[in-house]
Amino acid sequence: MKIATWNVNSVKARCTHLTNWLKTASPDVVLLQELKCITEEFPRLEIEAAGYQSAVIGQKAYNGVAILAKEKIEDPVFALPGEQPDDQARYVEGTVSGVRIASIYLPNGNPIASPKFTYKLDFMERLYRRGKELLATEAPVVLGGDWNVCPTDEDVWDLKAMAKDALVQPETRAAFRKILYQGWTDAIRTLHPHERIYTYWDYFQNRFARDHGLRIDHLLLSPRAADRLIAAGVDRTPRALEKPSDHTPAWCELS
DNA sequence: ATGGTCGGGCTCCGA
């Protein structure tokens, strides 16, 4: 079972890239972020034609997440459980072939001296609580998405330039570790412990060609899912196309 | 120190 996550930076602008990639990569499940369209305008028909069902929560202009799957998506939930419903479409969860899977668009959080950073940390606390509930089920679970977190210095090309960025702050990393240490396995880092691996390259300054990137798209596996982990990686091919997203798909394969 | 590039929706915001 191949599960991928891809921040497409507008699903409408990237529809052709997406459907072509579905055909060539043929993942069983794809987690999308930054749809940038309302739910009703999600290109459901094009994606169905490629052989995928979808569970979608969108909103106007910003955010928006989806799960695409070849098999049925059962019991979808369209928000992070919390006190009051979120006005930002950043979380969808569903079950595919017995695996509980979430597509997460974690808040960017910049600038750090603003309510946006607080919102990011609050969101991570809510995710921590949801993670605890999901682990308690002892089911195979995958928390995938654009986490907007560089877990360690190895996940950053230019540390100096990123020093004040929300993606590398000690509080951000601590909140990520707090989730990870509940018992999750970072699929890509576990199988590639000492490689420079990036999933995002800024549009500025030809960063992709120079491989000046960040690793911010992650797939976290519960113990039952981690037991089945056989491969993981990053597919850089869509990032090299004309008019690409600034992110490229990260994926893992479970037996 | 700054500005470089995108997408969306409207003359600016978020990344």
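Sequence lines set the chain letters: A, B, ... in the order given, protein chains first and strands last, and positions in each chain run from 1.
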I need the [atom1]-[atom2] distance between [X] and [N], as an integer number of Å.
X: A:N206; N: B:dC6; atom1: CG; atom2: C1'; value: 14 Å
X: A:K120; N: B:dG14; atom1: NZ; atom2: P; value: 15 Å
X: A:Q33; N: B:dG7; atom1: CD; atom2: P; value: 18 Å
X: A:D246; N: B:dG7; atom1: CG; atom2: P; value: 9 Å
X: A:Y62; N: B:dC10; atom1: OH; atom2: P; value: 9 Å
X: A:D158; N: B:dG4; atom1: CG; atom2: P; value: 18 Å
X: A:K164; N: B:dA15; atom1: NZ; atom2: P; value: 20 Å
X: A:I216; N: B:dG14; atom1: CD1; atom2: C1'; value: 14 Å

Checklist outcome for this item: Heavy-atom nearest pair, A:Y62 first then A:Q59, reads O-CG, 2.9 Å
Next on the checklist: Restricting to non-hydrogen atoms, name the atom on A:V11 and the atom on A:C37 that form the minimum distance, rounded to 0.1 Å.
Outcome noted: CG1-SG, 3.7 Å
Would you say [X] places a side-chain N or O within less than 4.0 Å of OP1 or OP2 belonging to [N]?
X: A:K116; N: B:dG14; answer: yes
X: A:K60; N: B:dC10; answer: yes
X: A:R207; N: B:dT5; answer: no
X: A:K36; N: B:dA15; answer: no

Checklist entry - Does A:D146 come within less than 4.0 Å of A:R90, counting only side-chain N to carboxylate O? => result no
Checklist outcome for this item: Closest to the 5' end of DNA chain B, once A:A61 and A:N148 are matched to their nearest nucleotides, is A:A61
If the [atom1] atom of [N] is compared with that of [M], how far apart are they to the nearest Å?
N: B:dC6; M: B:dT2; atom1: P; result: 23 Å
N: B:dC10; M: B:dG14; atom1: C1'; result: 14 Å
N: B:dT5; M: B:dG9; atom1: P; result: 22 Å
N: B:dA1; M: B:dC12; atom1: C1'; result: 24 Å

Next on the checklist: side chain to side chain contact (heavy atoms under 4.5 Å, CB included) for A:F117 and A:T172? Distances and angles first, verdict last.
Outcome noted: CA-CA 9 Å; A:F117 191 55; A:T172 305; 3.3 Å; yes
Next on the checklist: Categorize A:Y105 for me: base, sugar-phosphate, or nothing, with a 4.0 angstrom heavy-atom threshold over every strand shown.
Outcome noted: sugar-phosphate
Compare the minimum distances between each of [options] and the side chain of [X], then state the nucleotide with the smallest one.
X: A:K12; options: B:dG7, B:dA15, B:dG8; result: B:dG8
X: A:F204; options: B:dG3, B:dG8, B:dA15; result: B:dA15
X: A:Y203; options: B:dA15, B:dG8, B:dC6; result: B:dC6

Item to check | A:E133 CD: over 12 foreign heavy atoms closer than 6.0 Å | outcome: yes
Checklist entry - Would A:L68 end up clustered with A:V96 when hydrophobic side chains under 4.5 Å apart are linked, directly or stepwise? => result no
